[in-house]
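The structure under discussion appears below in the form of structure tokens.
Just so we're clear, the structure is a prediction, and the values are computed from it rather than from any experiment. Order of the sequence lines fixes the chain letters, A, B, ..., with proteins taken first and strands second; residue numbering starts at 1 for each chain.
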There are 2 protein chains.
Amino acid sequence: MALNPQLVLDAAIRHLDEVGLDAFSVRRVADGLGVRIGALYWHYKNRQALVDAIAARILEPLTLMEPSTDAWDVRLCRFARAYRQALLSHTDGARVITAISGPGPMGHAFMAIPVKVLCEAGLPATDAAAAADVLTSYVNGFTIEEQNRKLGQPEQDRDRGFEFGLTLLLDGLRSRTTA
Amino acid sequence: MALNPQLVLDAAIRHLDEVGLDAFSVRRVADGLGVRIGALYWHYKNRQALVDAIAARILEPLTLMEPSTDAWDVRLCRFARAYRQALLSHTDGARVITAISGPGPMGHAFMAIPVKVLCEAGLPATDAAAAADVLTSYVNGFTIEEQNRKLGQPEQDRDRGFEFGLTLLLDGLRSRTTA
DNA sequence: ACCTGAACACCGTTCAAGT
DNA sequence: ACCTGAACACCGTTCAAGT
């Protein structure tokens, strides 16, 4: 069976889910595929490229969300929740995102979602970009901490904490929009 | 000259500032001290203990802020800004904080600051804790991104982005307090 | 108590050589 | 085109042995 970037990425994600980002090792990914380590370097330039690919895979579901006709604040909430869930769906998912070497095409498609919603809400383009940064920064920061230290805590409590911050941001944004 | 935890920590921070967290190496810290690597393990149990110590050093200035009689929102803003500045004062400072093995005494003293302010603002204890988590999560997330990718950007722009989010959170909090 | 010397088991990366 | 074999320069950690 021939190796290809897809299969390597699948194995990498399995390995990440098992051991977490700190113990994530290109060599172990090769082991999981029953292949010598040099083989992976044919499909991915280096470890960073593999991490970037994992990050893109994590963000992909968000860029595929179906468009909605709901109010902008409802859509922004849905985006933030879906983003957190995407990060939570893999071990250290939030830290993986902050370990990307740069925002690739997927990263740009991802950020375009909240920016678009906020523009439609009537925010000036520059404010929309800033607000989108704030929102994703919050989700990143919250979920990093959540995956680092709060996974023993009941899901309901963690959800409540997240929703509290989301509400604060949304309230602040509503008072700055015209729509 | 005898080695001690202080000197090791100083050298570790110098090394961190030079190469960043990813390239941070216990061996290089030993090199910087002109000492064999085994020597460091007498003063620090392992690499993680050294990172924890760096994090505590970064947070220390905040726990030493002089008490203030200003309004709660002014104090909370001041705390958030000082926290961001503390993180920015060392290479990858924000990522160092999220790499702590656990909240030590310094971490607890640190979190007590915003919690206290928010309690005095009239928030129920449980809301105060949640809001403090939200605020620090935001600062962490924002500053990680800032140190990862925005350090080329003018400081004024980065400050503006940060203040935007801070204002949103503060506005949201004000509508939930009695004081 | 504090440090050296030396080893151990691991990394990521490269690259000629095979097929 | 794709993978193996083998090397290289690095890690963190341990621990007997020295002082």
Would you call A/Arg84-A/Asp159 a salt bridge at under 4.0 Å N-O? yes
Check this one for me: any side-chain N or O of B/His43 less than 4.0 Å away from OP1 or OP2 of C/dC3? yes
Which letter, B, S or -, goes with each nucleotide of nucleotides 12-19 of chain C from 5' to 3', with contact meaning a protein heavy atom under 4.0 Å? BBB-----
Separation of atom CH2 in B/Trp42 from atom C1' in C/dG5, rounded to whole Å: 17 Å
Through direct or indirect side-chain contacts below 4.5 angstrom among Ile, Leu, Val, Met, Phe, Trp and Tyr, which residues connect to A/Ile144? B/Ile144
The criterion is ring-ring contact (aromatic ring centres under 6.0 Å, His included); which residues satisfy it with B/Tyr83, sequence neighbours excluded? B/Phe110
Write down the distance between CG (B/Leu40) and C1' (C/dT4), rounded to a whole number of angstrom. 13 Å
Residue list, ring-ring contact (aromatic ring centres under 6.0 Å, His included) with B/Tyr44, at least two apart or on another chain: none
How does the hydrophobic cluster around A/Val19 look, that is, which other residues are in it when side-chain heavy atoms under 4.5 Å mark a link? none
Write down the distance between CG (A/Asp22) and C1' (D/dC11), rounded to a whole number of angstrom. 14 Å
Please report, to 0.1 Å, the donor-acceptor pairs under 3.5 Å made by any side chain of residues 126-135 of chain B, with sequence neighbours excluded.
from	atom 1	to	atom 2	distance (Å)
B/Asp133	OD2	A/Lys150	NZ	3.1

Separation of C/dC3 P from B/Asp31 CG (nearest whole Å): 16 Å
Under the side chain to side chain contact (heavy atoms under 4.5 Å, CB included) test, which residues partner A/Pro61, sequence neighbours left out? none
Going by side chain to side chain contact (heavy atoms under 4.5 Å, CB included), name the residues that satisfy it together with B/Ala30, two or more places apart in sequence or in a different chain. B/Val35, B/Ile37, B/Leu40
Can you give the donor-acceptor pairs under 3.5 Å from side chains of residues 49-57 of chain B to other protein atoms, not counting sequence neighbours?
from	atom 1	to	atom 2	distance (Å)
B/Asp52	OD1	B/Gln48	NE2	2.9
B/Asp52	OD1	B/Ser101	N	3.0
B/Asp52	OD2	B/Ser101	OG	2.6
B/Arg57	NH1	B/Asp10	OD1	3.1
B/Arg57	NH2	B/Gln6	OE1	3.3
B/Arg57	NH2	B/Asp10	OD1	3.3

What stems show up for DNA chain D when you take Watson-Crick pairs (N1-N3 plus N6-O4 or O6-N4) and G-U wobbles (N1-O2, O6-N3), both under 3.5 Å, and require three or more consecutive pairs? C:4-8 with D:12-16, C:12-16 with D:4-8
Salt bridge flag under 4.0 Å for residues A/Glu145 and A/Arg149: yes
Salt bridge (charged side-chain N to carboxylate O under 4.0 Å, His left out) with A/Asp157: which residues, sequence neighbours excluded? none
Counting only non-hydrogen atoms, which of residues 91-102 of chain A are less than 4.0 Å from DNA chain C? none
Find the distance B/Arg36:CZ to D/dC11:C1' and express it as a whole number of Å. 17 Å
